[in-house]
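The block underneath contains the structure these notes are about, expressed in structure tokens.
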Amino acid sequence: MSVRTRFAPSPTGYLHIGGARTALFNYLFARRHGGQYLLRIEDTDKQRSTPEAVRQILDSLDWLGLSPDEPPVYQSAREPRHAEVARELLAKGAAYLAYDTPEELAALRAEAEAQKRPFKYDGAKWQALDPKDAPSVPPAIRIKAPRGGETVVEDLVQGTVRVANAELDDMIILRSDGTPTYLHAVVVDDHDMAITHVIRGDDHLTNTFRQCMVYDAMGWHRPRFAHVPLIHGADGAKLSKRHGAVGALEFRDQGFLPEAVCNYLLRLGWGHGDTEVISREDVVRIFDIGDVGRAAARMDYAKLLHFNGVWLRQADDDRLAKEVLARLAKQGVAFGTLGGDRVRLLMPDLKERAKTLEDLAGSAAFAAVEGPPPMDAKAQALLTPEAKARLADLAQFLGDAPWERKDLEAWLRDYADVKGVKLGQVAQPLRVALSGSTQSPPIDAVLFALGRTEAMDRILAAAEG
RNA sequence: GUCCCCAUCGUCUAGAGGCCUAGGACACCAGCCUUUCACGUUGGCAGCACGGGUUCGAAUCCCGUUGGGGACGCCA
């Protein structure tokens with residue numbers, strides 16, 4: 001039987017980094033075994049589900065390269081089927097009608113808590129009820145929990161996990177308003193979608209035993225389960241907004257590359273020897289869900305940043321130039337075709353010194369604009385009278401310099417040599433004049449990328465300014 | 001509270017009884033490289049939570065303690 005996995009987020013907010021990792025594991029597992037990876041939107045909570053959230057989740061997955069192999073399944077559309085299964089369980093005698101009101105249940109729960117006693121639902125009176133004595137309130141359908149023994153799950157990540165059936169109680173599968181509960185709907189959908197492996201956050205581990213009740217009562221085959229640990233913030237607490245960026249799209253906006261985010265997420269909780277940097281293509285060949293660790297991992301932005309730098313340096317220059325130009329345009333930086341070409345030309349040297357696309361845009365701006373770039377304070381301070389004189393002198397000779405990168409370097413060295421100054425005394429003022437900053441790619445690369453005319457303009461402007 | 005899961009440097013991890021004086025990566029510190037900043041490179045700092053077993057031998061197996069996390073809804 002072909003492997004089928006699914007990622008099943010509920011559209012009550014943006015897709016956060018933990019969900020993204022769950023999706024990644026589902027994707028990798030399916031690919032590794034030549035199966036399918038599906039998406040199911042769990043939108044049965046009408047109060048909290050929004051179309052915008054659905055859109056965001058789809059966009060996030062698309063950005064991460066984790067789009068599903070089949071169109072997404074919307075759980076809300078399957079409610080008739082959920083109800084049908086619930087009624088089937090009722091007919092089989094595996095479930096019964098319970099006429100408690102939510103208020104009564106809340107009171108029972110409060111009472112149990114006041115007595116410091118664990119609450120356990122007892123539906124004996126409803127099971128013995130003669131239909132004609134039924135109260136006039138609409139009933140919910142509850143599934144009968146197994147009486148004795150224990151339920152055992154062989155989890156692919158957590159190993160053998162067992163729970164005494166005495167811990168389970170008769171859970172509601174269909175609410176009194178006829179809508180299904182999550183624990184029930186998930187099982188019906190996973191079964192109908194022929195899901196073979198359920199890979200999800202380990203906050204669902206104990207729920208698994210409740211879900212088993214439905215599988216078993218329907219006589220369905222249980223899928224294999226794999227519960228992966230949650231991601232925590234740097235302080236060890238559950239990851240939330242206050243820890244910084246957590247939404248997948250936030251990382252995109254901050255200039256992270258999807259391949260870097262995926263690589264980082266993969267390493268968070270999954271290890272394969274000393275391998276750190278690994279491509280999607282390579283990991284698909286070696287990914288094993290059993291290699292996922294059992295302990296929760298903490299989000300480390302510094303390491304993510306490092307991965308992003310690594311992937312940035314490996315990224316295609318045309319792609320990066322496009323991304324950078326889009327960011328500059330968004331920031332309102334004015335540039336033309338010439339400027340775009342200069343950024344592209346300088347990209348190999350630019351990307352070497354950046355950690356994010358935002359860094360890259362910041363360091364590329366000077367090459368994009370026409371004319372002298374804005375100068376920062378440190379650069380301004382470096383422009384002493386001597387430095388200006390140096391630039392003026394340089395400008396006189398630079399007109400005849402050979403305009404090839406290698407030649408420019410040699411030419412500059414000769415110039416410094418002839419003038420009896422250190423290369424740095426020439427390079428720094430030049431760097432400031434050309435880039436408006438004390439930091440830039442190698443000066444010969446900058447000169448070459450700018451072109452003779454543009455370079456001369458900037459040098460003269462700085463010499464006179 | 002009850003049940004479930006987890007526990008190697010600050011962080012992510014390698015490690016499945018002797019290969020461990022515990023390896024790698026990020027971060028941090030120092031050096032080298034160098035026209036700036038990066039990149040790269042060399043070295044350094046730093047860890048098996050604790051206590052009992054089992055064994056000739058334990059980071060690795062068992063039990064307990066402590067600590068962390070999760071689940072206990074007519075939420076998902």
Side-chain angles (χ1 to χ4, degrees), chain A residues 8-12 42-45 47-49 75 98 100-102 105-106 109 112-113 115-120 138-142 155 157-159 161-164 166-169 171-177 179-183 185-186 201-210 227 229-230 232 234 236-238 264 267-277 293-307 309-310 313 349-355 359 363 382 409 412-413 416 422-428 430-432 435 437-444:
Chain A
S10 58
T12 54
E42 312 232 304
D43 55 352
T44 48
D45 184 340
Q47 310 306 318
R48 299 193 298 150
S49 298
Q75 191 160 61
D100 316 275
T101 64
L105 289 171
R109 229 169 246 119
E113 188 164 346
Q115 292 172 28
K116 293 196 180 289
R117 172 171 58 76
F119 174 73
K120 182 129 190 279
I141 298 181
R142 282 186 186 263
D155 193 279
V157 170
Q158 306 291 343
V161 185
R162 48 188 69 221
V163 160
E167 298 295 327
L168 273 21
D169 57 11
M171 71 167 177
I172 292 177
I173 55 176
L174 203 70
R175 299 187 185 99
S176 51
D177 65 0
T179 61
T181 57
Y182 163 77
L183 257 13
V186 164
D202 78 2
D203 48 339
H204 290 285
L205 184 56
T206 48
N207 282 334
T208 304
F209 297 93
R210 283 171 240 288
H227 288 93
L230 268 17
H232 291 155
K238 200 168 179 174
Y264 175 70
R267 284 294 290 121
L268 209 54
W270 176 87
H272 190 265
D274 288 339
T275 307
E276 293 281 345
V277 176
R294 274 128 303 196
R298 298 184 186 206
M299 183 72 196
D300 181 357
Y301 291 90
K303 189 152 185 178
L304 204 212
L305 208 54
H306 169 259
F307 271 110
V310 170
R313 272 173 258 135
D349 295 289
L350 246 19
K351 70 181 180 184
E352 202 72 29
R353 3 186 93 63
K355 287 270 198 282
D359 290 351
S363 62
L382 205 136
E409 188 195 352
L412 275 172
R413 284 186 190 283
K422 289 202 156 186
L423 185 53
Q425 289 175 267
V426 180
Q428 276 310 82
L430 194 49
R431 187 185 313 284
V432 163
S435 73
S437 163
T438 51
Q439 304 170 12
S440 83
I443 202 64
D444 49 320

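Letters A, B, ... are given to chains in the order of the sequence lines, protein chains preceding strands, and every chain is numbered from 1.
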NA contact type, [X], heavy-atom cut-off 4.0 Å: base, sugar-phosphate, or nothing?
{"X": "A:D45", "result": "sugar-phosphate"}
{"X": "A:R109", "result": "sugar-phosphate"}
{"X": "A:D155", "result": "nothing"}
{"X": "A:T206", "result": "base"}
{"X": "A:L105", "result": "base"}

Separation between the [atom1] atoms of [N] and [M], rounded to whole Å:
{"N": "B:G73", "M": "B:C61", "atom1": "P", "value": "35 Å"}
{"N": "B:G57", "M": "B:G24", "atom1": "C1'", "value": "27 Å"}
{"N": "B:U13", "M": "B:A22", "atom1": "C1'", "value": "13 Å"}
{"N": "B:C26", "M": "B:A38", "atom1": "P", "value": "16 Å"}
{"N": "B:G44", "M": "B:A7", "atom1": "C1'", "value": "28 Å"}
{"N": "B:U60", "M": "B:G18", "atom1": "P", "value": "12 Å"}
{"N": "B:G69", "M": "B:C12", "atom1": "P", "value": "14 Å"}
{"N": "B:A46", "M": "B:U11", "atom1": "C1'", "value": "12 Å"}

So, for [X] and [Y], which heavy atoms are closest and what is the spacing to 0.1 Å?
{"X": "A:S49", "Y": "A:T12", "answer": "N-CG2, 4.2 Å"}
{"X": "A:H227", "Y": "A:Q158", "answer": "O-NE2, 2.9 Å"}
{"X": "A:T181", "Y": "A:I172", "answer": "OG1-O, 2.8 Å"}
{"X": "A:R175", "Y": "A:P180", "answer": "NH1-O, 2.9 Å"}
{"X": "A:Y264", "Y": "A:R298", "answer": "OH-O, 3.8 Å"}
{"X": "A:A416", "Y": "A:V426", "answer": "CB-CG2, 4.1 Å"}

Separation of atom [atom1] in [X] from atom [atom2] in [N], rounded to whole Å:
{"X": "A:Q425", "N": "B:U36", "atom1": "CD", "atom2": "P", "value": "13 Å"}
{"X": "A:I172", "N": "B:G73", "atom1": "CD1", "atom2": "P", "value": "10 Å"}
{"X": "A:R162", "N": "B:U2", "atom1": "CZ", "atom2": "C1'", "value": "19 Å"}
{"X": "A:F209", "N": "B:C4", "atom1": "CZ", "atom2": "P", "value": "9 Å"}
{"X": "A:Y182", "N": "B:A76", "atom1": "OH", "atom2": "P", "value": "9 Å"}
{"X": "A:D202", "N": "B:C3", "atom1": "CG", "atom2": "P", "value": "19 Å"}
{"X": "A:M171", "N": "B:C75", "atom1": "CE", "atom2": "C1'", "value": "14 Å"}
{"X": "A:H232", "N": "B:C6", "atom1": "NE2", "atom2": "P", "value": "14 Å"}

Could you check which nucleotide pairs with [N] in any of the strands shown, counting Watson-Crick or G-U wobble with both distances under 3.5 Å?
{"N": "B:U34", "answer": "none"}
{"N": "B:A22", "answer": "none"}
{"N": "B:G43", "answer": "B:C29"}
{"N": "B:U66", "answer": "B:A7"}
{"N": "B:U2", "answer": "B:A71"}
{"N": "B:A58", "answer": "none"}

**OP:** With sequence neighbours left out, write down each residue that passes salt bridge (charged side-chain N to carboxylate O under 4.0 Å, His left out) with A:D203, or none if nothing qualifies.
**Re:**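 In terms of salt bridge (charged side-chain N to carboxylate O under 4.0 Å, His left out), with neighbours along the sequence ignored, A:D203 is linked to no residue.
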**OP:** Between A:R210 and A:Q158, name the one whose nearest nucleotide on RNA chain B is closer to the 5' end.
**Re:**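 Its nearest nucleotide lies further toward 5', so the answer is A:Q158.
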**OP:** For A:D169 and for A:V161, locate the closest nucleotide of RNA chain B by heavy-atom distance; then report the residue assigned to the nucleotide nearer the 5' terminus.
**Re:**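 Closest to the 5' end, via its nearest nucleotide, is A:V161.
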Under 3.5 Å, N/O pairs linking protein and nucleotides 38-41 of chain B:
residue: B:A38; atom: O2'; partner: A:E352; partner atom: O; Å: 3.0
residue: B:C39; atom: O3'; partner: A:R313; partner atom: NH1; Å: 3.2
residue: B:C39; atom: O2'; partner: A:E352; partner atom: OE2; Å: 2.9

Original post:
With A:K355, which residues qualify under side chain to side chain contact (heavy atoms under 4.5 Å, CB included), at least two apart?
Top reply: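 Testing A:K355 for side chain to side chain contact (heavy atoms under 4.5 Å, CB included), a comparison that skips the adjacent residues, returns A:L305, A:D359.
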Original post:
Should A:T44 be listed as having a side-chain N or O under 4.0 Å from OP1 or OP2 of B:A76?
Top reply: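 For B:A76, OP1 or OP2 has a side-chain N or O of A:T44 closer than 4.0 Å.
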Quick one: are [X] and [Y] in side-chain contact, heavy atoms under 4.5 Å?
{"X": "A:L412", "Y": "A:L430", "answer": "yes"}
{"X": "A:I173", "Y": "A:L183", "answer": "no"}
{"X": "A:E167", "Y": "A:F209", "answer": "no"}

Could you list, one pair per line, each protein nitrogen or oxygen that sits under 3.5 Å from a nitrogen or oxygen of nucleotides 33-35 of chain B, together with the distance?
residue: B:U35; atom: OP1; partner: A:R413; partner atom: NH1; Å: 3.3
residue: B:U35; atom: OP1; partner: A:R413; partner atom: NH2; Å: 3.2
residue: B:U35; atom: O2'; partner: A:R431; partner atom: NH2; Å: 3.4
residue: B:U35; atom: O2; partner: A:R431; partner atom: NH2; Å: 2.7
residue: B:U35; atom: O4; partner: A:D444; partner atom: OD1; Å: 2.9

**OP:** May I ask you to decide whether A:E409 forms a salt bridge with A:R413, counting only side-chain N to carboxylate O separations under 4.0 Å?
**Re:**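 Yes.
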Subject >> Residues forming a side-chain hydrogen bond (donor to acceptor under 3.5 Å, both in side chains) with A:H204, sequence neighbours excluded >> reply: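 Listed in chain order: A:Y182.
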Between the protein and nucleotides 9-18 of chain B, which nitrogen or oxygen pairs come in under 3.5 angstrom?
residue: B:C12; atom: OP1; partner: A:R298; partner atom: N; Å: 3.1
residue: B:C12; atom: O2'; partner: A:R267; partner atom: O; Å: 2.8
residue: B:C12; atom: O2; partner: A:K303; partner atom: NZ; Å: 3.4
residue: B:U13; atom: OP1; partner: A:G269; partner atom: N; Å: 2.5
residue: B:U13; atom: O2'; partner: A:R267; partner atom: NH2; Å: 3.4

Original post:
Is it true that the side chains of A:R431 and A:S435 contain a donor and an acceptor less than 3.5 Å apart?
Top reply: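 A:R431 vs A:S435: no donor-acceptor pair found between side chains.
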